[in-house]
Amino acid sequence: MLTLAYTTLALLVTITARTIPDNYNQERRALLAEETLTSVGGKQKLNDEETRANEILMKLKTNELNASYFNPQHFNFSKHYFSYKKDIEKSRVYQIIRSMPKGAVLHVHSSLMLHPDILVKLTYEEYLYACYTHDSIKLQFSKATPARPCANKWALVSELRNNSSDPNAFDAHLRDYFTLYRENEDYDYVDINTVWKRFNKVYYAIKSLITYRPVREKYWYETLKQFYNDNVMYIEVRSGLPDLYELDGTKHGKRYLVELYKNGTDKFIEEHPDFIGIKLILTRDRAQSINHVLEAINVTRQLKAEMPDLIAGFDLVGQEDLGRPLSDFIPILSEAKEEINLYLHAGETAWLGTSTDENLVDAILLGSKRIGHGYALTKHPSLMSALIKKDIALEVNVISNVVLSLVHDVRNHPLATYLALGLPVVLSSDDPGAWSAEPLSHDFFVAFMGVASKRADLRMLKQLAINSIVYSALEEDRKSRLFAVFYDRWDRFIKDVISNESYRDLEVS
Amino acid sequence: MRYLILILFTYVKCDPDYFAKRNRIVESELRIALGGNMSLTSKENEVNNCLMRHKFDELDYAFNNPDNFGLSHHFFKYKDNIPKSKVYKIIKDMPKGAILHIHDMAIIGPDYLLNITYMDNLYVCLGKQISFLFSNKVPNTTCENRWELMSEVRRAAKNVTAFDAKIRKQFTLVVKNPDIVYPTIKETWTAFGNFFSTVHPLLTYRPIWEKYFYDALKAFRDDNVYYVEVRSILPNLYELDGTVFEKIVTAKAYKKAIHKFMRDYPDFVGAKLIFAPNRKVNRTILSEYIQTARQIKNSMPELFAGFDLVGQEDAGNPLIEFVPQLCAATNLNFFFHAGETNWFGTMTDENLVDAVLLGAKRIGHAYALAKHPVLLEMVKEKQIGLEVNVVSNSVLSLVRDVRNHPLNIFLSLNLPVVLSSDDPGAWEADPLSDDFYISFVGVASRLADLRVLKTLALNSLKYSALDPAAKTLAITHFHSKWNSFIENFDCRSY
Ligand SMILES: [Zn+2]
Ligand SMILES: [Zn+2]
C-alpha cells in the first residue's frame with residue numbers, strides 16, 4: 001500500500017449524475033448524510049482552517065486507500081500489524097496523525113507502556129544480573145549473585161555484554177525478550193493461547209527489570225516523555241502495584257509505588273507544564289481467588305481515601321477466556337462499586353454466548369464507568385442500547401486485538417460498527433511497549449485508515465480525541481485544563497498543517 | 001479475619017435481584033435473536049437436547065483449547081474434519097429448506113468434473129493454464145501449446161493417477177497450505193477466475209449441461225435441500241460442430257432438466273433461475289442483458305425469478321453506474337450481490353445503498369451491512385432477505401476467523417437471514433450442510449439451538465421467489481419433511 005500510496009489513481013467510473021433520477025439521488029444523498037450524522041464525529045463542525053486541513057488530510061487518505069483498493073495485495077492492514085509496522089512512518093496520513101493532539105490514553109497497562117529500545121538502555125544500569133533459559137529471561141539487580149534459583153546460571157549483564165563479540169547484537173537479542181514484535185517472522189496464524197503465553201513471558205521479563213526502584217523511576221520518566229511526545233497530555237494507567245526492591249534487598253509496599261508514580265509525574269509536569277498528569281486504575285489478575293481480589297479492592301479503597309486525586313478506580317486483568325468470569329466476583333464488586341469506580345475489561349473475546357462475552361452483561365450491571373475492549377459488544381444489541389443510555393465509554397485497542405489474535409484483517413474489527421453507530425468510543429493502546437508500537441499514534445492510524453469508513457475524516461479524529469477527555473476520570477477543574485491544553489495544541493496543529501509547504505500541491509484552490 | 005467479616009458483609013450488601021436481572025438480560029437477548037420466539041414440541045426438545053449436548057461438547061473443548069479450534073482457521077485446514085462432528089451429522093440429516101444463493105458453474109465438486117474429462121471428443125490445451133473444448137475436429141481457437149485429444153494425452157501419460165490428480169487440481173481452490181497460496185484477496189480471486197475459465201467450456205457443451213444441472217439437483221436433494229434458486233450468467237451452449245446457441249437455449253435447457261428431475265423425484269419442490277451476468281460491462285451491454293432477462297421472463301415466467309450482477313464486487317462496476325437503467329427495469333425482481341467487501345465507505349460498500357434503494361428482494365452477501373445502521377433498519381423494515389455465505393466469505397478472503405463474521409450480528413438482530421453456499425463445488429463443500437454447520441457452531445452464539453436452525457430453514461422458503469400459493473405448499477412440504485426428521489431422530493445413532 002505505502003509504496004503505491006503516492007500515485008493518485010483516477011476513479012474507475014465517473015458517475016454521471018444527470019442520468020440518475022432526481023428523487024433517487026436525493027434519497028441516496030439523504031441516506032448517506034444520515035449515516036454520517038449518526039457516526040462518531042458526524043456532528044462536529046469544522047471552522048475554515050480546519051476545513052482546509054481536512055481537505056489535505058482527506059486527499060492523502062483517499063490517495064493511500066485508493067492505491068490499496070485497486071491493489072489489494074498491497075493492502076497491509078489486512079495482514080498482521082507486524083508485517084506493515086515499519087512502513088507506517090512512510091505514510092503521510094500517519095505524519096499528520098502523529099503530530100495531532102490526541103487528548104488522553106485511558107487504557108494502558110503500567111509495565112508495558114515503554115518501547116523496548118529504551119528498556120534495553122535501562123539494562124545498562126549497574127549490578128544487573130540475568131538468568132537466561134532457552135526462551136525466557138529473568139533479571140535481577142543485586143550486589144552479589146542473586147540467591148534466587150536459576151535453571152541456567154546468573155551472570156552480570158555488563159559482563160555478558162562486554163564479553164560478547166557484538167554488543168549491538170547482544171542488545172538486539174536482549175530486546176527480543178521485551179517485545180512480541182519480530183520483523184521477519186510470520187506471526188500470522190498463531191492461536192490465542194500461544195500468543196498469550198509469549199505475551200506473559202514478555203511481561204515477566206520486563207517486570208523483572210522494572211521492579212528495581214531506581215530503574216522504575218527512570219522507566220516512568222521515559223514513559224511519560226514518550227507519551228507526551230506522541231501528543232498525549234493525560235494518562236489513566238492500570239497497575240497491579242508490584243512491590244519494588246532496592247539493591248540491598250529492601251522491599252517497598254504498594255503505597256511506595258503509588259508515591260513513586262506521583263512524584264515522578266509531578267517532576268515531569270514541572271518540566272512540561274502543559275502535561276496534565278495521570279490517574280491510576282488499580283488491578284488484580286482475574287485468575288486469582290476471590291479473597292485475593294477482595295484484598296486488592298481493599299487496598300484500592302484505602303489508597304483512594306488517602307489520595308483521591310490519584311486513584312481512579314479498580315479493574316480485573318489477564319486473558320479473559322482463561323480467567324474467572326466477572327460473575328464469580330459479583331458480591332465483592334457490587335459492594336466495592338459503592339465507593340470505587342470500576343473500569344472493567346469485558347468482552348475481550350471472539351466467542352459468543354460464553355462466560356467471557358457475558359462479562360459484558362456484568363460490567364454494565366455493575367455500573368462500570370468504561371469498558372475495556374468490549375470487543376464482543378456488536379453481537380449484543382440490548383447491551384449496546386444500555387451502553388448508550390448509560391453513556392459508558394468503550395476503550396478500544398485495535399492493534400492489541402490483532403496482536404493478541406482476536407482479529408486478523410482489521411476491517412473486520414467491530415470498531416467499524418461502533419464508529420458507524422456513534423457509540424462513546426475512545427481509542428487506546430493497551431500495551432504498546434509489548435509490541436513496539438508508538439504510545440497512541442499507531443492505534444489512531446490503523447483505526448482511521450484500516451477500520452473507519454473511507455469517508456471518515458478530521459471530524460472523527462477530533463471527536464475521538466475529545467471523547468478521551470470527556471470520558472476520563474478527571475475531576476472538573478483538571479478536565480477543563482486538559483480541554484484548554486488540547487484546544488490550544490489543536491489550533492496550532494491545524495495551522496501547521498495548512499501552512500506546511502509539502503501539502504501545497506494538495507490544497508483545493 | 002477482617003476479610004471474612006467483609007465477605008459476609010458484602011453478601012448481604014449485594015443486590016439480591018442481581019442474578020435475576022442478569023438472567024433477564026441474557027434471555028431477552030436470545031428472545032430478540034433469530035429463532036428466539038419459536039417454540040419447540042416435546043419431541044423437538046429431545047432432539048434439541050441431543051444437538052446442544054454435542055454442540056457444547058465441541059465448543060467447550062474449543063474454548064479451553066483454542067489452538068485446536070479449527071473454525072478459527074482457513075476452511076481448507078479443517079474441512080476434512082467436519083464429517084466427524086456429531087453436530088454436523090445431525091445437520092446433514094436435517095431438512096434445510098432451500099438454497100437461494102448459488103452459482104451454476106460451481107455446484108458440484110472436482111471429481112465430477114474430472115469424470116467429464118473422460119468423455120469422447122474432448123480436446124485439451126496443456127498451456128500454463130489447462131483449457132478444454134469439446135469438438136469433432138481439432139479446435140482452431142488459440143492455444144499456447146497445441147490442442148490434443150484428451151483421451152490420447154491420458155493414454156500417453158506414464159501415471160494416469162498422477163495425471164488425473166493434476167487435472168483435478170484445475171477444478172478446485174482447495175490446497176493444503178491456503179495461508180501461503182492465498183495470502184490476500186487478489187490471489188484468491190485470480191485462482192477463482194481461473195477456475196471458471198477452465199470449467200466453463202467443459203460444462204457448456206450442450207449434452208453435458210443438461211445432465212450437469214440434473215445431477216446438481218440430485219446433489220441438493222441428497223443434502224436435504226428441496227428447492228433452489230440458481231444464479232446463472234446463462235453461458236452460450238455449444239455443439240461438437242462449433243454451433244453456439246443463444247442464451248434462451250440455456251434457459252430452456254434448465255427448464256428441461258428441472259422438469260425431468262421433478263418427474264423422477266416428485267418430492268422435490270422445484271428450481272428457479274436468477275439471470276446474473278457479469279458486472280464488469282458497459283451500459284450498452286447491460287441493456288442487452290436486461291432485454292434477455294425480459295425475454296426469458298416472458299417465455300418462461302415460472303422459471304424466471306429475477307436479475308443480478310456478478311463478479312468480484314471490488315473490481316467490477318458499482319450498481320450506481322447502472323442505476324438509470326435498473327430504475328427503468330421496473331418489471332424485473334432484483335437479487336443483487338452487494339456489500340461483499342470489507343472496505344468501508346467505498347463504492348463497493350455503497351452498493352448496499354443502491355441495492356436497497358433499487359428495491360432488491362434479497363441481497364447477496366451484504367457482508368458490510370453491520371457498518372450501516374440506517375440501511376440495516378431499512379433491510380429489516382422492508383424484509384429484504386440477506387443471503388449469507390459464510391464459507392464463501394472465508395475462502396474468498398473476507399474473513400479468517402468466522403467468529404468475526406457479521407452473520408452473528410445479523411442473527412442477534414433477527415434480520416431476515418438465509419444461509420447459502422455461493423460456489424460450494426469450487427471449494428469442495430457440501431451444497432449446504434457445511435455452511436449450516438459452520439454458521440451454527442462457529443458464528444452463531446454458543447446458546448443458539450435447534451430453533452435457530454429451523455428458523456433459518458424456514459426463512460429460505462419465506463424469502464424465496466416462489467409465488468404465494470407455491471410458497472405455502474413448499475412450507476407445508478418442509479414441515480412434513482421436518483416432522484419425519486424429528487419423529488425418526490435417534491440420538492444414539494450420532
Ligand atoms: Zn487491557
Ligand atoms: Zn455469489
Side-chain angles (χ1 to χ4, degrees), chain A residues 12-13 15 19-21 24 27-28 31-32 34-35 38 69 71-73 75 78-79 188-189 191-194 291 294-295 298 321 327 330-332 334-335 338 350-354 358 361-362 365 378-383 406-409 411-412 416-417 420-421 451-456, chain B residues 3 6-7 9-11 13-15 18-19 21-22 25-26 28-29 32 59 63 66-67 69 72-73 179 183-187 314 317-318 320-321 323-324 327 342-347 350 353-354 357 370-375 398-401 403-404 408-409 412-413 444-448:
Chain A
L12 252 185
V13 234
I15 294 149
T19 52
I20 298 172
Y24 187 94
E27 212 179 329
R28 191 177 201 275
L31 208 154
L32 288 171
E34 195 185 340
E35 291 217 328
T38 312
Y69 184 79
N71 302 278
Q73 71 275 30
F75 184 73
S78 71
K79 300 178 192 150
D188 271 10
Y189 306 108
D191 74 88
I192 190 164
N193 280 6
T194 308
N291 273 351
L294 182 57
E295 191 185 336
N298 286 332
D321 285 340
S327 58
I330 297 305
I332 59 173
S334 45
E335 196 257 344
E338 305 295 320
W351 289 109
L352 177 56
T354 61
E358 285 179 7
V361 181
D362 295 300
L365 284 179
T378 45
K379 305 160 189 175
H380 295 280
S382 60
L383 295 183
L406 286 190
V407 63
H408 193 75
D409 185 331
R411 291 173 299 178
N412 290 318
T417 300
L421 286 167
V451 186
S453 169
K454 192 181 172 194
R455 293 171 180 271
Chain B
Y3 298 141
L6 253 175
I7 289 172
F9 179 62
T10 56
Y11 272 101
K13 188 117 194 229
C14 175
D15 181 354
Y18 185 92
F19 285 95
K21 259 191 216 163
R22 188 185 196 279
I25 292 175
V26 174
S28 83
E29 290 219 322
I32 298 164
L59 280 181
F63 185 80
D67 42 331
F69 182 57
S72 66
H73 302 285
D179 298 334
T184 73
I185 194 167
K186 179 94 175 174
E187 291 80 6
D314 286 337
N317 279 328
I320 193 159
E321 173 70 7
V323 161
C327 275
N342 35 27
W343 286 107
F344 184 15
T346 60
M347 285 184 295
E350 287 170 8
V353 179
D354 296 298
L357 289 181
K371 301 169 187 174
H372 294 280
V374 179
L375 283 177
L398 287 189
V399 63
R400 172 55 46 93
D401 185 333
R403 291 175 297 176
N404 290 320
N408 51 33
I409 300 175
S412 71
L413 289 168
S445 169
R446 174 176 172 272
L447 306 173

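Below, chains carry the letters A, B, ... as their sequence lines are ordered, and counting in each starts from 1.
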For chain A, find which of B:Ala444, B:Ser412, B:Ala448 contributes the most heavy-atom pairs closer than 4.5 angstrom. B:Ser412
Any chance you could measure B:Thr346, atom OG1, to A:Lys454, atom NZ, to the nearest 0.5 Å? 6.5 Å
Can you find a heavy atom in the side chain of B:Ile320 that is under 4.5 Å from one in the side chain of A:Arg28? yes
With chain B, the option among A:Thr194, A:Ile192, A:Leu32 that has the most non-hydrogen atom pairs under 4.5 Å is A:Leu32
Given the options B:Val26, B:Asp401, B:Leu413, which has more heavy-atom pairs under 4.5 Å with chain A than any of the others? B:Val26
For the CZ atom of B:Arg446 and the CD atom of A:Glu358, what is their distance to the nearest 0.5 Å? 8.5 Å
Ranked by heavy-atom pairs below 4.5 Å to chain B, first place among A:Val407, A:Thr378, A:Val361, A:Leu365 goes to A:Leu365
Out of curiosity, A:Asp409 CG to B:Asn342 CG, how far, rounded to the nearest 0.5 Å? 4.5 Å
Which bit of A:Thr38 comes within less than 4.5 Å of chain B, counting heavy atoms only: side chain, backbone, both or neither? side chain
Provide the closest heavy-atom pair for A:Pro21 versus B:Val323 in the form atom of the first, atom of the second, distance. CD-CG1, 4.4 Å
Heavy atoms, side chains only, cut-off 4.5 Å: are A:Val451 and B:Phe344 in contact? no
Hey, does the side chain of A:Ser382 reach the backbone of B:Glu29 with a donor-acceptor pair shorter than 3.5 angstrom? no
Over all atoms of both residues, closest heavy-atom pair of A:Gly353 and B:Leu447: O-CG, 3.8 Å
Reported OG-to-NE2 distance for the pair B:Ser445 and A:His380, which is rounded to 0.5 angstrom: 7.5 Å
Would a distance-only check, ignoring hydrogens and angles, find a side-chain to backbone donor-acceptor pair under 3.5 Å from B:Asn404 to A:Leu406? yes
Where does B:Val374 contact chain A at under 4.5 Å (heavy atoms): side chain, backbone, both or neither? both
Which pair of non-hydrogen atoms, one from A:Leu421 and one from B:Pro373, has the smallest distance, and what is that distance? CD2-CB, 3.5 Å
Might you point out which heavy atoms bring A:Tyr24 and B:Cys327 nearest each other, and give the distance in Å? CD1-SG, 3.9 Å
Quick one: of B:Leu59, B:Leu398, B:Leu375, who has the most non-hydrogen atom pairs under 4.5 Å with chain A? B:Leu375
With a 4.5 Å limit on heavy-atom distance, are the side chains of B:Arg22 and A:Asp362 in contact? yes
Rounding to 0.5 Å, atoms OG (A:Ser78) and CZ (B:Arg400) come to a distance of 10.0 Å
Answer with side chain, backbone, both or neither: which region of A:Ala452 has an atom nearer than 4.5 Å to a non-hydrogen atom of chain B? backbone
Shortest non-hydrogen pair, A:Ala420 vs B:Lys371, comes out as CB-O, 3.1 Å
Distance (rounded to the nearest 0.5 Å) between B:Tyr18 OH and A:Ser327 OG: 7.5 Å
Could you tell me whether the side chain of A:Glu35 reaches within less than 4.5 Å of the side chain of B:Glu350, counting heavy atoms only? no
